[in-house]
Every structure is written in C-alpha cells, then in structure tokens.
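Inspection log for the structure reproduced underneath, given as structure tokens.
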Amino acid sequence: MKALLLGTVGFLLYFVYDVNSVSMKNAFIQKFFALGTVLELFSFIWAGISFWKQENLYTIKNAALIAGLIIFFVLLVYTLFFALPFEETYCQESRMRQAYTEGVYSLCRHPGVLWFAGLYLCMWGITGNASGGVYFLGMIGWNLLYVIFQDLWTFPRTFSNYHIYKEKTPFLIPNGKSIQACETYYMRDRK
C-alpha cells in the first residue's frame, strides 16, 4: 500500500516540522510542512486512482459524495491557508505569538481535522472499495494523532494565549457557543 506509506511519510514530516518550529529552528526543516503537504496530496490522488471502481462512477450517491469532497477540500484549503495569516503561520519563527482564535478557529481548535476527515471519507465512499478503508481511515488516524500532538505539545510552546484558547474553544467537536462565535465572526463582515 504505497499511498499509505507516502501519506505516513508526509505526516512524519509534519511532526518533525513542529518539533523544529519549537526547538531546533533549522531553516531547511522549516520546509518540511510544504513537503509533507505535497506528499499528502500525491498520496490522496494515488489512493483515489488505485481504489477507483469505474462502475460506481455514475450514481446519485457518487454525485453527492463528489459534491461533499469538493466542499470539504475547499474548507480544508481555506482553513489551513487562507483563514490564517500564511507568512506568519508557516514561514516565520513561531515562538510565543498569539494563537488565531477567530473565524473558523472559533468553531474548534482544529477545524481542519473535521474537513480532512470529511474529504477522506467522501473519497472512500466514491471509490467504493472496502480495502481502501485501511488507507482512508489510516490517514484520518494520523491526522488525529498530529493534532493531539499539536494541542498538547506544540501549540502550548508556540502560542502565549493557547491555555486561554483551550479553555474557551472545544478541541474538535463544535458546541453551541463555538458555533455562535463562528457565525458572529462571519456575519459581522456582511453588515
């Protein structure tokens, strides 16, 4: 299962990137986030192609799953690359700055996990391949381990206000208060 190996290497690069961003601050290792993201993308495409069943292509179920896949992909890209200040988040030294707590990040502390899981579950449904579950669930598992690591180790050492953010914002599952905070943020721009 080459796609799983490729995706696993991508996540390992994310872990090394996080450790580097807190302790070593090596400029070369700083590029591991981008490299890990490229590996994740190739892994996802490879898995989709590998597990694809042509006879499942033209169904109403697949039309809904493809729409879901597109929505989750757009949400994931927005959450990781547009909802945050990109340069400050991914390119500059991250020691003791303020965590971004507004917008989609008021919904939960790791909203990208929700979109990532939705994206991978939709692709699994589209492929119609039960054996693909090892890959798709494995990648969701790696993502969960990664955000647990970030929540417990990386972010408390990176963001000076992370302990306050943890008290006010749920880890993964939004609640009524966090949904309202997210809605308020996006509605204020419309007024």
Side-chain angles (χ1 to χ4, degrees), residues 1-47 72-121 123 134-174 178:
M1 172 102 48
K2 294 174 186 172
L4 182 60
L5 179 61
L6 196 61
T8 298
V9 170
F11 272 104
L12 292 175
L13 289 175
Y14 289 161
F15 281 99
V16 173
Y17 165 85
D18 273 32
V19 171
N20 179 67
S21 71
V22 171
S23 57
M24 299 179 290
K25 306 207 184 331
N26 178 289
F28 177 74
I29 296 174
Q30 191 68 19
K31 296 171 179 38
F32 280 19
F33 184 86
L35 182 57
T37 301
V38 168
L39 290 178
E40 287 304 313
L41 184 59
F42 282 139
S43 167
F44 182 74
I45 292 168
W46 192 339
F72 285 123
F73 179 76
V74 168
L75 285 168
L76 183 62
V77 169
Y78 169 76
T79 299
L80 296 178
F81 300 109
F82 295 98
L84 296 167
F86 184 84
E87 186 73 23
E88 182 182 322
T89 302
Y90 298 111
C91 301
Q92 296 176 357
E93 184 175 326
S94 59
R95 194 90 172 141
M96 288 305 154
R97 65 176 191 249
Q98 296 282 305
Y100 188 75
T101 62
E102 295 186 322
V104 72
Y105 288 93
S106 61
L107 191 60
C108 66
R109 295 193 306 272
H110 302 278
V113 172
L114 303 176
W115 320 143
F116 185 93
L119 176 72
Y120 277 64
L121 291 173
M123 181 60 107
V134 172
Y135 168 78
F136 294 109
L137 294 176
M139 289 296 94
I140 293 169
W142 272 119
N143 198 18
L144 254 162
L145 287 174
Y146 180 53
V147 298
I148 290 169
F149 176 72
Q150 287 182 316
D151 204 67
L152 296 175
W153 190 83
T154 308
F155 291 165
R157 288 167 176 78
T158 303
F159 302 115
S160 60
N161 65 333
Y162 201 70
H163 65 286
I164 296 167
Y165 183 42
K166 283 178 84 167
E167 291 173 7
K168 293 182 177 182
T169 310
F171 176 61
L172 284 179
I173 308 302
S178 70

State, yes or no, whether a side-chain contact exists between [X] and [Y] at a heavy-atom distance under 4.5 Å.
X	Y	result
R109	Q150	no
F32	N20	no
L137	L121	yes
W115	L80	no
Y162	R157	no

Tell me the closest heavy-atom pair linking [X] and [Y], and the distance in Å.
X	Y	answer
F136	A47	CZ-CB, 4.2 Å
L4	M139	CD1-CE, 3.5 Å
S21	T154	OG-CG2, 4.4 Å
W142	L12	CH2-CD2, 4.2 Å
W153	V19	CZ3-CA, 3.8 Å

Would you give the length of the straight line joining atom [atom1] of [X] to atom [atom2] of [Y], rounded to the nearest 0.5 angstrom?
X	Y	atom1	atom2	value
L172	I148	CG	CD1	7.5 Å
L84	Y78	CG	OH	9.0 Å
N161	Q98	CG	CD	4.0 Å
F72	T79	CZ	OG1	11.5 Å
F73	L41	CZ	CG	6.5 Å
K166	T101	NZ	OG1	15.5 Å

When you measure from the side chain of [X] to the backbone N and O of [Y], does any donor-acceptor pair fall under 3.5 Å?
X	Y	result
S106	G103	yes
S178	P174	no
Y135	K2	no
S43	A3	yes

Does the plane of the ring in [X] sit parallel, tilted or perpendicular to the ring in [Y]? Use 30° and 60° as the thresholds.
X	Y	result
F116	Y120	parallel
Y100	Y105	perpendicular
F171	H110	perpendicular

Inset, instruction - May I ask you to check whether Y17 and Y14 place their ring centers less than 6.0 Å from one another? - result: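 Distance test on ring centres: not under 6.0 Å, no.
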
Inset, instruction - Determine whether the aromatic ring centres of F149 and F15 lie less than 6.0 Å apart. - result: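 Here the rings of F15 and F149 have centres that are less than 6.0 Å from each other.
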
